[in-house]
Structures are given as C-alpha cells and as structure tokens.
Amino acid sequence: MASFRRRLSPFGYSLPGTNIAHSGIVEGVGRSILRKFSSVFTTEQRVLKLEEKEGNPILEDEIAKIRYVFNTVKERFLKVPDALQEMPKTDPKGIYVNKNLRLDNIQVFGFDYDYTLAHYSANLQSLIYDLAKEYLVNELRYPDSCLEFKYDNSFPIRGLYYDKSKGCLMKLDFFGSIEPDGCYFGRRKLSRSEINDLYGTRHIGRHQARGLVGLMDFFCFSEACLIADIIQHFVDAKLEFDASYVYQDVNRAIQHVHRSGLAHRGILSDPKKYLVKNGQLMRFLRMLKENGKKLFLLTNSPYYFVDGGMHFMLEDSLGHQDSWRELFDVVIAKANKPEFYSSEHPFRCYDEEKDTLAYSKVDAFLPNNIYYHGCLKAFLQITKWKGPEVIYFGDHLFSDLRGPSKSGWRTAAIIHELENEIQIQNEDSYRFEQAKFHMIQELLGKLHSTVANNDGSEDYMSLLRELNEERQKARDTMKGMFNKSFGATFLTDTGQESAFAYHIHQYADVYTSKPENFLFYPPEAWLHVPYDIKIMPHHVKVSSNLFRT
C-alpha cells in the first residue's frame with residue numbers, strides 16, 4: 001500500500017491542462033465562445049505577472065472568460081447530448097486483458113469453487129452476517145442487543161480497507177489515497193476535515209498501511225457491515241472499545257462460520273435460496289474437455305459442500321448417469337490457500353464414504369479420487385504441468401491469484417460485480433455526468449492556473465464556489481448510480497480507478513464477470529491488451545467534447 005505512488009507513477013493521471021487552447025473546451029464549445037473575445041487563453045498570457053491588487057483588469061478579464069464558458073456549458077447540462085448515442089458500449093460479458101494471452105497456448109484450466117464456479121444469491125451475505133453476530137453474542141459475550149442487527153446489502157462493497165488502529169472503514173483510490181466521500185467510522189461518513197484530523201493527509205503512508213486490512217472477497221461483505229454496525233452500536237451506547245479488538249472478534253466470528261461448517265450446512269439445507277443454477281457453466285466445461293484441455297478444481301471448501309453445490313447447480317445439465325467429477329482431471333479440496341502456494345504440505349487422498357484421509361503417500365492423481373491439502377510444489381511434480389500452460393480462475397485476489405501469478409501461472413479474476421458496473425457505465429446518464437465532471441475539471445484547472453496568486457476577489461471566489469458545487473453534484477450523482485456509501489467497486493467518485501482495480505491490474509492477466517464468458521471467444525483466440533490501454537481495459541473515459549456547439 002505504501003508503495004502505490006512509487007510503483008505506479010507511470011500510470012498516474014496528469015491534471016487537466018492549464019493551456020485551454022489545447023483542451024477539449026476549445027475543441028468543443030469553447031472554440032466558438034472564446035473567439036468572440038479579442039484575445040484567447042494562451043501560454044504567453046498565462047506567464048504574465050498578475051498584480052495582486054483589487055481591480056486588476058487583466059485578471060478580471062481572465063475570470064470573465066472562464067465565467068462565460070461556464071455559463072454557456074451549463075445551459076447544455078440540461079440536455080443529454082445526442083453524441084452519447086453514437087459512443088460504443090462496453091460488453092458486460094467481455095473478457096478484459098491486462099496481459100496478452102493466447103488461449104491456444106493454455107492446456108490446463110484450474111478453478112476455485114466459491115464465487116468462481118459457484119455463484120450465490122444475495123441471501124448468503126445475510127446468512128453469514130446472522131451466524132457471525134450470534135457467535136459474537138453467544139461465545140464472545142457481546143451485548144445481546146447485537147442480535148437485533150440486520151445485514152444492509154446497500155452499505156458495503158468489495159475492496160474496502162479497515163484501519164485497525166482508528167476503526168475507519170474506507171475506500172482507497174489507485175494510488176492508495178483515501179476516497180474523500182468513502183471513509184466511515186461505524187455507519188457515519190467522515191467529513192474531509194475529520195479525515196485530515198485523523199490522518200493528516202488523504203495519502204496513506206507506509207506506517208499507516210501496516211494497520212490496514214483489505215476486505216477483498218465476496219464473504220467480506222458481511223464482515224465489513226458487521227464491523228461498522230458494532231462500532232456504531234458502541235458509539236451510540238457510549239461504550240469504550242478498541243478498534244483492533246473489534247476486527248479480531250468479527251474476523252474470528254466470520255472464520256468460525258466457515259470453518260465450523262455452519263455456512264456450508266445452511267447453504268446445502270436450502271440450495272434454492274442461496275445457489276444460482278447455471279447451465280452455461282456446464283457448456284463451458286464440456287467445451288474445454290472436447291478441445292482436449294485438462295481441468296482441475298482447487299478450493300478451500302470441504303468436498304461434501306462442493307459436491308452438493310455442483311450437483312444442485314448442474315443437475316439440469318447432467319445426464320442421469322453423469323457426474324460433474326468426470327469433467328475434472330484433479331479435484332483438490334481444503335487446499336488452505338494461499339499457504340498452498342508456498343508450503344510443502346503433502347496431499348492426502350480423501351475417502352468420501354468414510355469421511356477419512358488415507359495415510360499412504362500421494363505420488364499420482366488417480367481418476368475419480370478426491371485429494372485434500374497439498375501444495376503447489378507437489379502439484380507440479382505430480383502433474384508435470386508447466387506454469388505458462390496453466391490458467392487459474394478465482395475471485396479472491398490475494399488467496400486465489402497472487403500465488404499463481406508469482407509462480408508463473410496465468411490468472412483470470414472472476415468479478416461478478418463487473419457485469420452490473422459496466423451496464424451502469426454504458427448508460428447515457430452516467431456518461432453524461434462523467435462528461436460534465438471533466439468539463440468542470442478543465443475549467444477549475446484553468447481558473448487555478450490563471451489566478452496563480454490566489455486572488456481573493458468576489459468574482460473569483462463566486463466562480464470557484466459554483467464550479468466546486470457543480471463538480472460535487474456530478475460526483476455525487478455518479479457515485480449514487482453504484483452504491484450510496486462507497487460508489488463503484490472499480491472506480492472512485494471522479495471516474496478514476498480504485499485500489500481494488502490496482503490489485504486486479506497487478507494479479508490478473510485477464511478478468512471477467514463469469515468463467516462461462518469464455519464461451520463467446522474461440523478456443524484459439526489471442527486476447528490482446530487494447531492499443532489505447534488505460535489502467536483498466538473495460539473503462540471508458542467520456543470526453544468533455546460532448547458539449548460541442
């Protein structure tokens with residue numbers, strides 16, 4: 001985290017150009033407006049020394065020009081430009097490429113289970129949340145009033161960070177800075193001044209980053225919401241607490257829900273409520289087998305849970321005598337990722353009928369057998385599969401993908417939110433607000449560069465307030481289209497990339513919303529990084545040029 005700014009400087013965005021003659025404003029609405037004046041904004045004019053005295057005619061003229069442009073484009077903010085209809089749409093089911101990938105070179109496809117092969121309904125988060133709060137009350141002696149908490153699916157998003165020292169739940173941008181409108185203490189959003197009082201700056205330094213924990217997978221939704229609810233409850237009840245203990249206890253409760261099997265048994269007791277059937281997944285897996293690919297399943301979940309879930313999800317696609325296991329060359333459960341990638345734990349063969357582990361050494365993966373534990377080193381020794389010919393699909397950037405990416409495997413991140421977020425970004429209303437925001441940014445950049453000496457005139461201050469208000473309205477509108485508390489998973493309120501996007505960029509060769517999206521691509525496809533690469537290939541940056549005359 002502390003190295004965001006150092007490592008990502010090549011990807012940084014420059015501020016809006018101070019020479020408005022080279023900006024989108026002049027190319028669009030500004031060209032026709034500014035030529036009405038006897039002089040235009042030029043580089044030479046900007047280097048003039050503006051006197052710091054009231055009534056400076058040069059300064060007043062510069063401010064008047066910016067005011068004229070602002071007033072003119074505001075009239076066009078009332079109607080969505082027709083040009084938006086002509087902009088290409090991003091494919092919600094597309095595969096997006098961070099590193100070039102030739103699918104014909106991939107001979108082995110590996111998959112995680114939870115939120116990769118298995119997709120869950122929103123009911124799962126409520127189940128985990130309720131089971132965890134019961135553990136807090138019954139086992140850790142939290143107040144009985146905590147049982148009244150209800151999971152709020154409108155509050156958390158994936159990719160948040162919790163500060164164990166200060167108790168803040170926050171969203172960070174691509175460079176590791178706190179999102180100004182995305183920092184909460186309990187369920188209360190902190191103001192920018194409160195953030196500055198707590199951290200001194202929005203930029204998270206090396207020493208502060210040590211106290212942050214990332215909430216990166218889908219199961220962290222429940223964890224983030226429960227942490228915020230407990231802190232808010234303690235604040236309201238005027239109870240003293242240590243923020244690090246709250247995290248330790250909630251994390252312990254969440255881990256208990258998984259490791260004890262409470263969540264697994266709850267899901268299998270009512271699979272229709274929690275699991276989503278998916279016939280396309282079977283088509284995808286069979287297509288791979290028909291093309292001679294090897295398949296393996298590598299999951300931290302126990303086998304009985306995976307087996308029950310796969311039977312339910314694929315029962316409409318499986319024949320009477322068919323088994324989902326026939327699709328996979330190797331099935332490994334309770335793998336203990338991410339330690340799987342760095343440890344030297346041996347594999348053990350699992351007896352499904354007796355629910356026991358064999359004592360004999362595993363030196364080959366036999367058909368129809370199930371294996372537990374193990375490590376990457378032994379896996380590669382047994383299979384002889386070489387790193388570059390293997391691709392692994394997973395949803396957790398740290399547990400699933402970081403280890404394989406460092407070990408030479410290709411990686412595919414499965415991010416279910418991607419589909420919905422792209423659909424929102426495709427909407428004219430979102431692109432309209434983004435174009436408005438960029439226009440205001442350009443005007444603010446020009447205003448700040450023109451009034452270099454921070455002129456305090458009434459005209460200047462009035463224009464500055466109006467520009468900032470209009471910019472904030474656009475930010476709030478864009479944020480509200482995703483999540484009322486934290487906005488988009490991949491984006492900040494300004495349309496730039498988030499810290500979650502940074503990790504996708506770092507650990508995923510490709511990313512998509514579901515594994516079966518690969519059905520839309522030929523098995524021999526070459527997946528290329530776009531020639532006009534941005535940080536995240538699926539993002540569209542809408543230009544302020546939309547406000548043309």
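- Enclosure of atom NZ in Lys89 by more than 12 non-hydrogen atoms of other residues, nucleotides or ligands within 6.0 angstrom is indicated.
- Between Lys293 and Glu389 there is no salt bridge, since no side-chain nitrogen of the basic residue lies less than 4.0 Å from a carboxylate oxygen of the acidic one.
- Inter-residue side-chain proximity for Asp163 and Tyr247 is flagged as unmet; no heavy-atom pair is nearer than 4.5 Å.
- Within 6.0 Å of atom CZ in Arg187, more than 12 heavy atoms from other residues, nucleotides or ligands are found, so the atom counts as buried in its surroundings.
- Remark: Lys277 is positioned above the aromatic ring of Phe312, its terminal NZ or CZ atom under 6.0 angstrom from the ring centre and at most 45 degrees off the axis.
- Aromatic pair Phe155/Tyr184: ring centres closer than 6.0 Å.
- Cys375 approaches Ser343 most closely through the heavy-atom pair CB-O, 3.2 Å.
- Under a cutoff of 6.0 Å and an axis angle of 45°, Arg158 and Phe221 do not form a cation-pi pair.
- Residues Asn251 and Glu223 form a side-chain contact, since some pair of their non-hydrogen atoms from C-beta on lies under 4.5 Å apart.
- Within the model, atoms OH of Tyr507 and CZ of Phe398 stand 6.0 Å from one another, a figure rounded to the nearest 0.5 Å.
- His119 and Tyr115 have perpendicular rings, their planes meeting at more than 60° on a 0 to 90° scale where under 30° would count as parallel.
- Summarising the geometry, atom CZ belonging to Arg202 is positioned 10.0 Å from atom CD1 belonging to Ile204; distances are rounded to the nearest 0.5 Å.
- The environment of Arg265 atom CZ is dense: over 12 non-hydrogen atoms of other residues, nucleotides or ligands sit within 6.0 angstrom.
- When all heavy atoms of Leu401 and Ala508 are compared, the closest pair comes out as CD1-CB, 4.4 Å.
- Across all their heavy atoms, Ile422 and Asp91 have their closest contact at CD1-O, 3.7 Å.
- Note: Phe365 and Phe379 have tilted aromatic rings, judged against thresholds of 30 and 60 degrees for the angle between ring planes.
- Looking at Gln107, its side chain does come within 3.5 Å of a backbone N or O of Asp104 through a donor-acceptor pair.
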From CA spacing to verdict: ring pair (Phe, Tyr, Trp, His ring centres under 6.0 Å), Tyr502, Phe175: CA-CA 8 Å; Tyr502 165 82; Phe175 299 100; 8.8 Å; no
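- With respect to the salt-bridge test (charged N to carboxylate O, under 4.0 angstrom), the residues Asp181 and Lys479 do not qualify.
- For the pair Pro388 and Ile106, the tightest heavy-atom approach, listed with the atom from each and the gap, is O-CD1, 3.6 Å.
- A side-chain donor-acceptor contact under 3.5 Å links Thr201 to the backbone of His203.
- Counted by atom type alone, Glu497 and Thr492 present zero donor-acceptor pairs between their side chains at under 3.5 Å.
- A distance-only check finds a donor-acceptor pair linking the side chain of Asn123 to the backbone of Lys273 [under 3.5 Å].
- For the pair Phe174/Ser498, no side-chain contact is recorded, criterion being any heavy-atom separation below 4.5 Å from C-beta on.
- Summarising the geometry, atom CD belonging to Gln381 is positioned 11.0 Å from atom CG belonging to Asp363; distances are rounded to the nearest 0.5 Å.
- Electrostatic pairing of Glu516 and Arg283 does not count as a salt bridge here, judged by no charged N lying under 4.0 Å from a carboxylate O.
- Tyr371 and Phe347 have perpendicular rings, their planes meeting at more than 60° on a 0 to 90° scale where under 30° would count as parallel.
- Using a distance-only test at 3.5 Å, with no hydrogens or angles considered, no donor-acceptor pair links the side chain of Asn483 to the main chain of Ala488.
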task: Show the numbers, then the answer: is there a side chain to side chain donor-acceptor pair (under 3.5 Å) between Ser301 and Asp114?
output: CA-CA 8 Å; Ser301 293; Asp114 292 302; 2.6 Å; yes
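- Here the side chain of Lys133 pairs a donor or acceptor atom with the backbone of Phe149 at under 3.5 angstrom.
- By the 4.5 Å heavy-atom criterion applied to side chains, Thr411 and Arg402 are not counted as neighbours.
- Under the 4.5 Å side-chain criterion, counting only non-hydrogen atoms from C-beta, Phe284 is not in contact with Asn517.
- Across all their heavy atoms, Ile128 and Ser222 have their closest contact at CB-OG, 3.7 Å.
- Side-chain atoms of Glu524 never come within 3.5 Å of backbone atoms of Leu103 as a donor-acceptor pair (strictly under, hydrogens ignored).
- Atom-to-atom distance recorded for Leu491:CG and Ile424:CD1 is 10.0 Å, nearest 0.5 angstrom.
- In this structure, Tyr341 contributes its side chain and Ser405 its backbone to no donor-acceptor pair below 3.5 Å.
- Contact check for Asn153 versus Gln125: no side-chain heavy atoms found under the 4.5 Å cut-off.
- At most 12 heavy atoms of other shown residues, nucleotides or ligands fall within 6.0 angstrom of atom NZ in Lys294.
- Expressed to the nearest 0.5 Å, how far CG of Leu297 lies from OH of Tyr303 amounts to 9.5 Å.
- Atom CZ of Arg102 has more than 12 heavy atoms from other residues, nucleotides or ligands within 6.0 Å.
- One side chain, Asn426 or Arg431, offers a donor N or O that lies under 3.5 Å from an acceptor on the other.
- More than 12 heavy atoms of other shown residues, nucleotides or ligands fall within 6.0 angstrom of atom NZ in Lys99.
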query: Do Ile231 and Phe185 pass the side chain to side chain contact (heavy atoms under 4.5 Å, CB included) test, and can you show the C-alpha distance, the side-chain angles, and the key distance before you say yes or no?
result: CA-CA 7 Å; Ile231 288 179; Phe185 185 74; 4.0 Å; yes
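- To the nearest 0.5 Å, the span separating CD1 on Ile332 from CD1 on Ile370 amounts to 10.0 Å.
- Two residues are said to be in side-chain contact when any heavy atoms from C-beta on lie closer than 4.5 Å; Phe328 and Met310 meet this criterion.
- A donor and an acceptor atom, one from each side chain of Tyr129 and Asp229, are located under 3.5 Å apart.
- Using a 4.5 Å heavy-atom threshold, the side chains of Asn291 and Leu288 count as separate.
- No donor-acceptor distance shorter than 3.5 angstrom exists from the side chain of Asp395 to the backbone of Ile415, with no hydrogens or angles considered.
- A cation-pi geometry, defined here as NZ or CZ lying under 6.0 Å from the six-membered ring centre and within 45° of its normal, does not hold between Lys334 and Phe305.
- Inspection of the Tyr350 and Asp355 side chains reveals an N or O donor paired with an N or O acceptor under 3.5 Å.
- Without hydrogens or angle criteria, Ser126 side chain to Tyr151 main chain gives no donor-acceptor distance under 3.5 Å.
- Here the closest heavy-atom approach between residue Tyr392 and residue Leu298 is recorded as OH-O, 2.6 Å.
- Side-chain N or O atoms of Arg348 include none that pairs as donor or acceptor with a backbone N or O of Tyr372 at under 3.5 Å.
- Taking a 6.0 Å sphere around OH of Tyr521, one finds it holds more than 12 heavy atoms contributed by other residues, nucleotides or ligands.
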